[in-house]
2 protein chains.
Amino acid sequence: MQDPQVKRSTLRDVAELAGVSYQTVSRVINQHPNVARRTRERVLSAIRQLDYRPNQAAKVLATGRSYILQLLMYDIRYSDPLPAMIYQARKQGYTLLISELSPFAAPEDIRAALDDLTARMIDGLLIYTPTPFFSYTEMRSLCRGVPFVLVGAALGIKSPSVVFDQRHGCELAIQHLLDLGHRQIAEIAGHPRHIDAQLRHETVVTMLKAHGLTPGPSIAGDFEVPSGYASTIKLLDSGEPFTALFVANDRMALGALRALHERGVRVPEDVSVVGFDDMGEAAYFNPPLTTVRQDLQVLAQQSVEYLVSMIGNPSMPVQQRVLYPELIVRGSTAPLK
Amino acid sequence: MQDPQVKRSTLRDVAELAGVSYQTVSRVINQHPNVARRTRERVLSAIRQLDYRPNQAAKVLATGRSYILQLLMYDIRYSDPLPAMIYQARKQGYTLLISELSPFAAPEDIRAALDDLTARMIDGLLIYTPTPFFSYTEMRSLCRGVPFVLVGAALGIKSPSVVFDQRHGCELAIQHLLDLGHRQIAEIAGHPRHIDAQLRHETVVTMLKAHGLTPGPSIAGDFEVPSGYASTIKLLDSGEPFTALFVANDRMALGALRALHERGVRVPEDVSVVGFDDMGEAAYFNPPLTTVRQDLQVLAQQSVEYLVSMIGNPSMPVQQRVLYPELIVRGSTAPLK
DNA sequence: CCTCGAATTGTGATCCCTCACATAACTCAC
DNA sequence: GTGAGTTATGTGAGGGATCACAATTCGAGG
């Protein structure tokens, strides 16, 4: 609700004050070239005098374009690519709006959210949820013609998407442990409903088997710090021996390091630990964490750029852009003694 | 740009199909009571059939209300209250939009951002920046009649605001160190342009002096992990002795713990460390960090609730809601030996 | 059977802009 | 100075909803 006295001025008010038609004012605002210099100056001065700014709602209604990109994601707290997305969007002339789903929302929740969002006349959608409920065709119809890009979706799906090759990342991590001589490798996996967690887990198992090894004990956490702690305690209590521990993300790895420390297990002397993500803090863990880095800046940049070019060219062919993680070796891994 | 074939249906399309006037359809949508049951059903069925959803831009234009709250903040990455704000806003029937300023934006940047935002017909503004450039009167005029609440602003300002009593939080931390017997207390402060950093620093100095102590060495960081690390190295290299270290936020404290560990300084045996914020990871640092907790859920809840009531009642008196932090004692502090 | 009032429905104007087009004013050549 | 060709400006018609009001229908009481 506006202060009643702060009645906004409109195109017509400006036009009247400047002694021109509203259309001329519109031209000045939209930088149309065909306006005489004197007229433009007169209009600009009137705009300043009335403190006029165009009403976006009306503009959106008239043009059908909002210059708004909507990001739909499931947990804002841990969204490191967010600032880069906002920055990229702005750079391309768009505003990025963010809306959040509860973690592991049901299909109906996603449907409802999309219903709500597409009513707002947004120009494009970035969808960043780890639970791939819908096929490309379903998604297309849910988005009702609004172009969309899936961010961090499953590898290999036929949908406009930008993803990391999780498999490659896991292979780097496991290969590193194998190279160091480890043969008994335990795992703390992510939440089983999380697409990345599934893929990371499968890759670990597949790869160990491919090397003729029996996968070590494995427990599923939920990607949060406390679950990393609790899972590690369970692993230790199970009595199954392991000399290396692969943790599906850095956050849980922090919990794992804590648990190992409390139990007197030295890292990396007794157990090597590898994380995943390379969150900013990982380099300062005790010991600094060896982990798999995903360049979220690039993820953000690619996602927004792809979406914007789809907006400009709706018939753009569907593609999946795949990015590759890299291994960052720090102090939490060492050769098997 | 929409797919041309996915032309959205409008009120009129629905009206035609249902054999009623557009106004009746509008009534059905807005739950107006005076609609005959049979008519309502006919309309609802037409809505379903056409997959109709009202155009929000048009609605905003007609009503002047968007049911959108805008959050203006300076660094999304570290915004723990964000999810709570989004949740609270939704609970009250609003959508929360987020936009970001570069860290320590200049006054003109804030002005430009507000110019842009207020053009979008938002119902209210949450302003969460640590640099208080404008007076209440200036702010009011910048917001052009849109109600606003300052979040985490300076203590004692006459503006609608919800803040933590930083002073109280610092006093808790320092008192804790004093109680443990520490007399040589070093400090890593936050960025000097950050309002919270200033207040925390001043409070530390004031309080130590009040106890007849000389404030120990102090270095200003920037609230990021690496600066906590670098500052600690500098403190150690300076040769000035200290038995306790107050760090202005947990993130820097993580860097500090790392630096102390590398230099062979034991925490808490040789040096006690206190942080500020109680970020989720702090309990899992090595050692677990003693820190000052601010309940960000409450901050978020109060901010949104206050803003929404201002929207409902524009003549609501200006108030500052002050929240109090609490001390969380963990393993990084111990009695002076 | 008519009248009155409530319940239901419909009509016009409006919100503030942009589009496509029509008109007016200006330049310049012949 | 008349015509064409720019360049500047103005007009009408939407865009898709809401609001205030007018018009209709309905049921009940006299």
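Labels below follow one simple rule: chain letters A, B, ... track the order of the sequence lines, proteins then strands, and each chain is numbered from 1.
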Round to a whole Å and report the spacing from [atom1] of [X] to [atom2] of [N].
X	N	atom1	atom2	result
Arg53(A)	dC17(C)	CZ	P	11 Å
Leu50(A)	dC16(C)	CG	P	14 Å
Arg42(B)	dT8(C)	CZ	C1'	12 Å
Arg12(A)	dG10(D)	CZ	P	13 Å
Glu16(A)	dT9(D)	CD	C1'	17 Å
Gln56(B)	dA17(D)	CD	C1'	10 Å
Arg40(A)	dT7(D)	CZ	P	14 Å
Met121(A)	dG16(D)	CE	C1'	9 Å

Problem set entry | Closest nucleotide among dC17(C), dT9(C), dA17(D) to the Leu11(A) side chain | dC17(C)

For this session: Can you figure out which of dC19(C), dA17(D), dC17(C) approaches the side chain of Asn55(B) most closely?
Result: dA17(D)

Exercise. What is the ring orientation for Tyr136(B) with Phe148(B), classed by angle as parallel under 30°, tilted 30 to 60°, or perpendicular over 60°?
Worked result: tilted

For this session: Give a yes/no on whether any side-chain N or O of Thr39(B) is located under 4.0 angstrom from OP1 or OP2 of dT9(C).
Result: yes

Exercise. Does the distance from a Lys or Arg side-chain N to an Asp or Glu carboxylate O, for Asp115(B) and Arg144(B), drop under 4.0 Å?
Worked result: yes

Exercise. Does the pair Glu16(A)/Arg12(A) count as a salt bridge with the N-to-O cut at 4.0 Å?
Worked result: no

Seminar exercise, completed: Judged by nearest nucleotide, the residue sitting upstream toward the 5' end of DNA chain C, Val20(B) or Leu61(B), is Val20(B)

For this session: Find which nucleotide of DNA chain C each of Pro54(A) and Arg37(B) is nearest to by heavy atoms, and output the residue with the more 5' nucleotide.
Result: Arg37(B)

Short N/O separations, protein against nucleotides 23-27 of chain D, under 3.5 angstrom:
none

Within a strict 4.5 Å, meaning less than it, do heavy atoms of the [X] and [Y] side chains meet?
X	Y	result
Leu323(B)	Leu299(B)	yes
Met139(B)	Ser159(B)	no
Ile98(A)	Ile86(A)	yes
Gln302(A)	Gln88(A)	no

Exercise. Among residues 21-36 of chain A, which contact DNA chain C at a heavy-atom distance under 4.0 Å?
Worked result: Tyr22(A), Gln23(A), Ser26(A), Asn30(A)

Exercise. In a check of side-chain hydrogen bond (donor to acceptor under 3.5 Å, both in side chains) between Ser161(B) and each of Gln320(B), Gln319(B), Arg321(B), which one passes?
Worked result: Gln320(B)

Problem set entry | Counterpart residues, side-chain hydrogen bond (donor to acceptor under 3.5 Å, both in side chains), relative to Tyr94(B) (two or more places apart) | Arg65(B)

For this session: Check every strand shown and say whether Val60(A) touches a base, only sugar-phosphate, or nothing at a heavy-atom separation below 4.0 Å.
Result: nothing

